[in-house]
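Data first, discussion second: the structure below is written as structure tokens.
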Protein chains: 2
Amino acid sequence: MKPTIYDVAQAAGVSIATVSKVINGTGRISDKTRKHVLIIMDQLKYQPSMVASALTGKSTFTIGLTLPDLANPFFAEIARAVEDRCHEFGFNVFICSTDNDPDKEVKYFSLLTQKRVDGIIVATRIQNDQFLKKLIQQNVPIALITNEMPTLAVDTVMVDDFLGGYQAGSHLAELGHRRIAILKEDTDTKSNRERIHGCQQAMIAAGIEPDERLLSIGGFTVQSGKEAMTELLKLDNPPTAVFACNDLLAIGAIQAAREQGLQLPADLSVVGFDNTILATIIDPPLTTIGQPIQEIGRQAVELLVQEIKGEKTLKQRVVLLPELVIRSSSLAYQNV
Amino acid sequence: MKPTIYDVAQAAGVSIATVSKVINGTGRISDKTRKHVLIIMDQLKYQPSMVASALTGKSTFTIGLTLPDLANPFFAEIARAVEDRCHEFGFNVFICSTDNDPDKEVKYFSLLTQKRVDGIIVATRIQNDQFLKKLIQQNVPIALITNEMPTLAVDTVMVDDFLGGYQAGSHLAELGHRRIAILKEDTDTKSNRERIHGCQQAMIAAGIEPDERLLSIGGFTVQSGKEAMTELLKLDNPPTAVFACNDLLAIGAIQAAREQGLQLPADLSVVGFDNTILATIIDPPLTTIGQPIQEIGRQAVELLVQEIKGEKTLKQRVVLLPELVIRSSSLAYQNV
DNA sequence: ATGAAAGCGCTAACAG
DNA sequence: CTGTTAGCGCTTTCAT
């Protein structure tokens with residue numbers, strides 16, 4: 001059996017209270033006893049049980065992170081950023097891929113609360129705000145990533161999707177493109193809508209009338225982007241540029257264009273969103289709207305931890321600004 | 001406050017023992033009381049505290065997963081596979097990216113044991129088998145992924161790296177290549193050595209003498225692969241094909257070749273290892289040695305869970321076989 | 001079939 | 001400065 005605090009106390013000839021105090025650095029302990037106890041702990045290779053101390057009312061130093069799919073590079077990078085910051089704070093993170101399946105999400109939420117996590121970072125698309133609301137009412141610290149609950153006071157870190165879309169749209173418009181297609185995601189989230197809206201506003205500002213037929217639905221897979229783009233290229237008057245709401249879709253678009261024998265970026269300019277590692281790997285390297293992934297993760301953790309520690313009562317919404325990252329997949333329109 | 005078992009007991013007019021029994025389906029409870037208690041639990045939205053029950057000696061239904069870097073697609077996919085299988089078993093997983101930093105690894109291990117995880121899946125390169133040995137001696141269930149501790153009896157799931165390397169080597173040899181470079185990782189792991197050795201054996205079997213100068217060191221980044229390949233291409237007699245020990249390196253090699261103005265795959269054939277999503281995205285699509293990532297994750301979890309539940313005393317080593325996935329980055333040697 | 005009571009390992013008053 | 005003691009929420013004999 002693992003040694004307990006009793007074993008240490010006995011071996012050190014002190015009470016368990018004393019041991020507890022040296023473990024936590026609380027109370028007043030003479031230097032001599034402290035050192036002695038420390039030595040005994042070391043000898044016994046004693047490791048305080050965090051489950052016991054959690055039961056006593058202290059926190060579990062554990063948070064949950066829900067996201068759609070860890071295998072999606074964007075979320076993997078988010079998770080990594082969250083994990084790193086958590087580790088610095090001494091927290092561990094439970095990873096929860098929900099595939100945006102409401103059932104799975106509920107199951108995970110309930111598991112997390114049963115395990116008494118100190119807080120939850122939600123990077124999944126919120127479907128049942130019902131459940132989330134309950135959590136918030138129960139004072140479970142929550143931080144939202146890339147998500148917005150307009151009706152609820154909850155810490156949130158997001159990027160300005162509208163601006164991102166706008167940057168993409170202006171970039172393409174400035175390159176002289178007039179027929180700009182948009183590949184959107186299949187979930188109707190605010191984030192997705194804003195990106196589209198931003199892009200369209202940029203187009204309008206440039207005197208381009210958004211064409212409904214150039215608005216196509218993809219999803220979160222390369223394949224879906226490919227299919228959507230293939231359809232778009234079949235139009236009588238196909239687009240010369242496309243803005244995809246995420247990098248995966250953009251990559252699908254590139255692959256579709258290639259398959260149709262188009263030269264990239266000469267025949268089709270592509271702009272993505274996220275700036276994941278994929279954007280640097282695809283050929284041509286993808287022009288994309290960069291989300292400050294590290295920063296998103298860090299800030300979410302910081303908000304959450306502050307709330308867990310009770311250092312902060314005010315909730316806040318942090319809006320990070322995206323950045324246009326120009327690579328080679330976008331080029332001036334060549335009116336041959 | 002969250003309701004406790006006492007609240008339920010009181011509201012239901014029974015003892016906490018009874019409630020506990022209906023929660024766990026243990027003991028003998030009349031159908032009537034059971035139903036009644038169930039209803040009360042529901043009304044109170046009672047959720048048993050797993051930290052309390054863990055303290056009582058039951059397991060925590062939590063495992064730890066250590067890996068080098070969650071942002072690396074290969075490990076992200078592994079993590080996803082592990083998580084999925086765990087979820088089916090009702091386990092949660094603590095994610096631990098160590099960057100192969102021994103300090104971080106030790107810190108994570110100790111945190112995990114303090115939190116009394118039921119077991120640990122180790123997908124990091126093992127550096128201090130010291131610490132791991134201690135864990136195993138303390139009967140902490142451990143499963144190794146893609147790792148081998150020749151001196152220890154521990155559950156392990158791995159792929160046959162030698163065979164993978166061999167497949168890569170024969171593939172290139174069969175395509176007529178004679179000058180085959182190898183890009184290895186910078187950590188001297190058995191896995192890495194085996195891949196190289198396999199490739200070289202295949203070359204020898206094809207009558208090719210491995211050339212030391214064509215063996216170059218990369219790492220786990222695209223950049224390192226690029227740099228290594230750039231050097232290789234500067235040789236008087238540069239390679240016509242390259243086998244990279246992971247997809248990241250292979251991608252770096254492709255990028256380097258492109259930058260030097262080479263046509264791919266005509267001027268250089270590239271074979272990677274892992275078959276991550278990146279292999280499908282790079283242009284040309286990467287011929288690579290496919291690891292059955294899903295299966296690796298599943299089996300590791302299964303071994304671990306069996307051991308946790310005490311359903312199994314015998315340890316085992318599962319060797320999964322890799323598979324050559326031919327895409328477009330490899331082509332017959334054209335002796336111009 | 002149900003309940004009383006003794007822990008699990010630790011923290012936090014409260015005494016001394 | 002150190003020890004005693006009462007829980008934290010739950011499981012598990014052992015009685016009844």
Side-chain angles (χ1 to χ4, degrees), chain A residues 1-38 40-41 44-62 90 110-118 138 309-310, chain B residues 1-38 40-41 44-62 110-111 113-118 138:
Chain A
M1 275 311 284
K2 282 183 84 74
T4 73
I5 199 171
Y6 286 96
D7 301 321
V8 177
Q10 191 169 14
V14 298
S15 76
I16 60 166
T18 303
V19 178
S20 175
K21 279 166 194 155
V22 348
I23 292 171
N24 299 294
T26 53
R28 314 184 44 67
I29 301 288
S30 76
D31 231 49
K32 199 169 130 222
T33 3
R34 180 199 323 292
K35 275 178 186 147
H36 181 223
V37 171
L38 249 17
I40 301 289
M41 289 187 358
L44 266 45
K45 300 196 185 320
Y46 167 72
Q47 285 189 306
S49 158
M50 295 194 76
V51 355
S53 82
L55 184 59
T56 322
K58 305 233 306 196
S59 56
T60 54
F61 287 100
T62 298
S110 119
L111 227 40
L112 290 176
T113 50
Q114 281 192 42
K115 296 206 174 166
R116 301 297 188 264
V117 296
D118 295 330
Q138 292 168 27
K309 294 193 177 160
Chain B
M1 276 310 285
K2 283 184 84 73
T4 72
I5 199 171
Y6 286 96
D7 301 322
V8 177
Q10 191 168 16
V14 298
S15 75
I16 60 166
T18 303
V19 178
S20 174
K21 279 166 194 156
V22 348
I23 292 171
N24 299 294
T26 52
R28 314 182 42 67
I29 302 289
S30 76
D31 230 50
K32 199 168 133 222
T33 3
R34 179 199 325 291
K35 274 180 186 145
H36 181 224
V37 170
L38 251 15
I40 301 287
M41 288 188 357
L44 265 44
K45 299 192 189 323
Y46 166 71
Q47 286 188 305
S49 159
M50 295 194 77
V51 356
S53 80
L55 185 59
T56 321
K58 305 230 308 194
S59 58
T60 53
F61 285 100
T62 298
S110 117
L111 229 40
T113 50
Q114 281 191 43
K115 296 204 174 167
R116 302 295 188 263
V117 296
D118 295 330
Q138 291 167 27

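Heavy-atom basis, side chains included; hydrogens, waters and symmetry copies ignored. In what follows, every chain begins at residue 1, and chains take the letters A, B, ... in the order their sequences are listed.
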query: How bent is the helix from C:dA1-D:dT16 to C:dG16-D:dC1, comparing axes over its five end pairs at each side, to the nearest 10°?
result: 40°
- prompt: To the nearest Å, how far apart are A:L55 CG and D:dT11 P?
  reply: 12 Å
Exam field: side chain B:D118 to backbone B:S59, donor-acceptor pair closer than 3.5 Å: no
Between C:dG9 (C1') and A:M41 (CE): distance, integer Å: 14 Å
message: At less than 3.5 Å, do the side-chain atoms of A:Y6 and the base atoms of C:dC8 form a donor-acceptor pair?
response: no
task: May I have the distance from A:Q114 (atom CD) to D:dG9 (atom C1'), rounded to whole angstrom?
output: 13 Å
- prompt: side chain to side chain donor-acceptor pair (under 3.5 Å) with A:S30: which residues, sequence neighbours excluded?
  reply: A:T33
- prompt: Heavy-atom distance under 4.5 Å between the side chains of B:Y6 and B:V19, does that happen here?
  reply: no
statement: Atom CD1 of B:I5 and atom P of C:dG3 are separated, to the nearest Å, by 12 Å
message: Can you confirm whether the side chains of A:T113 and A:S110 place a donor and an acceptor under 3.5 Å from each other?
response: no
message: Can a donor-acceptor pair be found, under 3.5 Å and without considering hydrogens, that links the side chain of A:T56 to the backbone of A:A52?
response: yes
query: With sequence neighbours excluded, what pairs up with A:K21 under the side chain to side chain donor-acceptor pair (under 3.5 Å) test?
result: none
message: Tell me the closest heavy-atom pair linking B:V8 and B:I40, and the distance in Å.
response: O-CG2, 3.9 Å
Donor-acceptor pair under 3.5 Å, B:S53 side chain vs D:dG9 base: no
message: Expected output is a numbered-order residue list: members of residues 15-23 of chain B with a heavy atom under 4.0 Å from any atom of DNA chain C. What is it?
response: B:S15, B:A17, B:T18, B:K21
- prompt: Starting at CD of A:Q10 and ending at P of D:dT4, how long is that distance when rounded to a whole Å?
  reply: 13 Å
message: Can you list, in residue-number order, the parts of residues 24-36 of chain B that come under 4.0 Å of DNA chain C, counting heavy atoms only?
response: B:R28, B:I29, B:S30, B:T33
- line: With sequence neighbours left out, the residues meeting salt bridge (Lys or Arg N to Asp or Glu O under 4.0 Å) with A:K309 are none
- prompt: Can a donor-acceptor pair be found between the side chains of A:K115 and B:T62 at a distance below 3.5 Å?
  reply: yes
- prompt: Nearest-Å distance, CZ (A:R116) to C1' (D:dC10)?
  reply: 11 Å
- prompt: Rounded to whole angstrom units, what separation is found between the CE atom of A:M50 and the C1' atom of C:dC8?
  reply: 17 Å
Spacing between B:F61 atom CZ and D:dT11 atom C1', to the nearest angstrom: 14 Å
field: Shortest non-hydrogen contact between A:R116 and B:S49, atoms and distance
entry: NH2-CB, 3.3 Å
message: Just to be sure I understand the rule, does A:V14 reach a base, reach only the sugar-phosphate, or reach nothing, if contact means heavy atoms closer than 4.0 Å?
response: sugar-phosphate
task: For A:L44 and A:A11, work out which heavy atoms get closest and say how close.
output: CD2-CB, 4.3 Å
